[in-house]
Amino acid sequence: MSESSDDTLIDEIRAGYAFDGPALTFGAAVADGTAHPDAVVRIPLSAMNRHGLVAGATGTGKTKTLQLMAEQLLAQGVPVFLADVKGDLSGMASPGTPNDRITARSQDVGLEWSPTAYPVEFYSLGGQGKGVPVRAAVSTFGPTLLAKVLGLNATQESSLGLVFHYADKHGYYLDTIADLRAVVQHLTSSEGKADLKELGGLSSATAGVILRELIAFSDQGADAFFGLPEFDTSHLLKTAEDGRGLCSMLELPAVQDRPQLFSTFLMWLLADLFHDLPEVGDADRPKLVFFFDEAHLLFADASKDFLAAISQTVRLIRSKGVGVFFVTQSPKDVPADVLGQLGNRVQHALRAFTPDDAAALKAAVKTYPHTAYDLEELLTTLGTGEAVVTVLSEKGAPTPVAWTRMRAPESLMAPSPDAVVDAAVAASPLLGEYGQPVERDSALEMLGRAADERVAAEEAASAAEEKAKADAAAAKEAEKARAAADKAAAKERAAAEKAAASAARRKAAEPGMVEQVVKSSAFRSALRSAGTVIGREITRSLFGTSRRR
């Protein structure tokens with residue numbers, strides 16, 4: 001561009017960014033490689049809830065841009081949420097360290113620099129790392145987000161929704177992954193076949209796939225992120241005692257190997273805020289600005305339902321006073337439906353090493369308003385700490401595209417010392433509330449108890465059946481014994497009666513005592529002797545003979 005063209009461009013930028021209300025300062029506009037400190041590139045504070053995109057290749061300065069924006073929001077009393085993926089942003093809790101590069105940059109853009117520490121509340125997913133543990137119950141995390149984390153397809157995601165519906169209908173609390181596994185295991189067991197059939201849309205094969213994915217998920221250590229006490233996202237809206245906004249920083253280095261988990265967890269935080277916050281319309285300042293780092297992980301392999309849920313949340317949460325900035329390497333990482341809702345753009349350098357990169361560059365250029373800059377060339381030659389900026393003005397109109405040399409953050413542009421982080425965590429009033437996990441009677445215990453009761457009932461029924469069989473056998477034996485005894489008694493009575501009858505017959509047949517005496521031989525002998533004597537006496541009497549002397 002000619003010098004005249006440069007002057008015209010700088011005049012347009014100067015006028016386009018001359019806002020009346022409070023604003024955040026990015027830096028100074030650049031033309032033909034020269035920064036113009038009198039052409040300050042800014043973004044209105046009231047436009048921060050119109051969402052935005054911070055993009056650029058690795059090493060181009062995206063993280064420092066986040067830090068710069070967060071510092072100025074906090075200084076103006078606006079709470080900020082940051083996900084510290086690499087551990088770099090913890091430096092916000094410590095004042096920056098001056099050096100020659102910072103001094104040179106400050107002089108170049110004409111903006112003062114003063115080392116400043118900011119109030120930071122450190123959080124960690126489930127206590128994995130340093131910070132107050134952040135947990136969510138599986139039931140409130142929901143099937144859509146969980147399906148994204150598990151890598152389920154659309155059919156499996158729908159089936160997972162049926163499992164959640166079944167658990168809710170039967171009063172099974174899904175607090176942990178173990179609770180959800182218990183419900184799926186119940187549905188795939190012999191006892192749960194009827195319930196599985198009742199669900200209709202859930203096949204045993206799909207239930208088996210979900211169960212396997214849950215087991216693998218648990219094996220990766222994900223159990224720590226789900227459970228109670230569940231984090232109350234209203235804590236993210238707090239300010240510090242000195243009136244500055246409070247930076248809620250989720251420390252994620254300990255879970256870098258599970259990127260889909262933490263990106264989806266961030267989406268849960270945003271969705272929970274959306275659910276709880278009241279409508280405020282277009283406020284003069286946001287209630288919270290949410291920076292969504294590594295956003296490409298959120299959208300990769302996402303189902304249509306998941307993308308639709310994100311798009312709806314981003315579209316509607318603005319009216320609740322929350323601004324969302326997606327941070328990623330290229331605008332193509334963000335779906336068109338979401339990208340179209342991002343009114344503010346901070347684009348660091350892009351690379352065009354491959355045909356795909358070149359196509360992405362051309363697509364990115366087409367999304368900017370008309371400008372005198374050769375954006376296709378500029379976006380590949382930007383230096384570290386430089387960006388192409390266009391934002392929404394206080395009236396909602398796009399500002400002129402501005403090649404911007406960014407000012408340096410005033411907090412430490414490196415991780416804070418461990419002692420600083422440890423002290424901040426130890427002093428947190430939230431540590432007592434969220435520090436330790438809490439267990440309650442949830443699906444795992446409820447189904448386990450039901451299974452124990454079922455086993456006990458089956459054992460009792462089996463014991464009762466065995467007892468009934470034993471009692472019946474004993475009764476049968478007793479009846480048999482009674483019958484045998486009765487038969488024996490009857491036999492004995494018959495024998496006795498027979499013996500008595502026989503005795504009676506014998507008695508009736510035997511002679512009496514006199515008869516026995518008369519019939520006896522002794523009696524007959526005596527009788528004969530007596531007869532002889534009497535006969536003699538009679539004979540003597542008759543014939544006059546006498547006795548012998």
Side-chain angles (χ1 to χ4, degrees), residues 166 169-172 181-200 202-204 207-208 211 441-549:
Y166 169 81
K169 180 180 177 181
H170 289 80
Y172 296 138
R181 285 173 56 185
V183 173
V184 178
Q185 285 172 333
H186 168 71
L187 289 173
T188 54
S189 68
S190 56
E191 292 81 7
K193 284 183 178 178
D195 293 336
L196 183 67
K197 186 177 181 180
E198 183 182 325
L199 285 176
L202 178 63
S203 69
S204 57
L211 183 59
D441 249 13
S442 50
L444 179 63
E445 291 79 14
M446 297 166 78
L447 286 169
R449 192 163 51 248
D452 291 343
E453 291 173 354
R454 185 167 55 251
V455 169
E458 289 173 355
E459 290 177 349
S462 178
E465 184 179 355
E466 290 298 322
K467 185 177 182 303
K469 288 181 179 178
D471 290 346
K476 186 175 181 180
E477 288 298 322
E479 181 63 29
K480 187 176 179 181
R482 281 196 301 272
D486 290 347
K487 185 176 181 181
K491 188 175 181 180
E492 289 177 1
R493 284 195 303 273
E497 290 174 356
K498 183 177 181 181
S502 178
R505 285 194 301 272
R506 285 196 304 270
K507 185 176 181 180
E510 291 177 355
M513 182 62 69
V514 173
E515 184 179 0
Q516 289 179 15
V517 172
V518 170
K519 289 182 176 181
S520 68
S521 57
F523 180 79
R524 286 196 301 269
S525 177
L527 189 60
R528 283 194 301 270
S529 299
T532 302
V533 172
I534 293 171
R536 288 188 186 136
E537 289 297 324
I538 293 173
T539 302
R540 288 187 187 110
S541 172
L542 290 176
F543 296 103
T545 62
S546 60
R547 292 185 181 180
R548 293 178 181 175
R549 305 262 185 226

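Quick note: numbers below take in every heavy atom, side chains included, and nothing from hydrogens, waters or symmetry partners. None of these values were measured; they are calculated from a predicted model.
Taking CG of Leu444 as the reference point, atom CD of Gln185 lies at 8.5 Å (rounded to 0.5 Å). Taking OH from Tyr166 and CG from Asp195, the interatomic distance works out to 3.5 Å, rounded to the nearest 0.5 Å.
Ring planes of His170 and Tyr172: parallel class, angle under 30° (limits at 30 and 60°).
Salt-bridge annotation for Arg482 and Asp486: absent, with no side-chain N of the basic residue lying under 4.0 Å from a carboxylate O of the acidic one. Salt bridge present: Glu465 and Lys469 bring a charged side-chain N and a carboxylate O closer than 4.0 Å.
Contact check for Lys498 versus Ser502: no side-chain heavy atoms found under the 4.5 Å cut-off.
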Query raised in the report: Run the side chain to side chain contact (heavy atoms under 4.5 Å, CB included) check on Asp441 and Arg449 step by step: do they pass?
Result: CA-CA 10 Å; Asp441 249 13; Arg449 192 163 51 248; 3.0 Å; yes
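The two residues Thr188 and Gly208 come nearest to each other via the heavy atoms CG2-N, 4.5 Å. The nearest pair of heavy atoms linking Leu211 to Val184 is CB-CG1, 3.8 Å. Taking each heavy atom of Ala443 and Val183 in turn, the nearest pair found is CB-CG2, 3.8 Å.
Judged by distance alone, the side chain of Ser189 and the main-chain N or O of His186 form a donor-acceptor pair under 3.5 Å.
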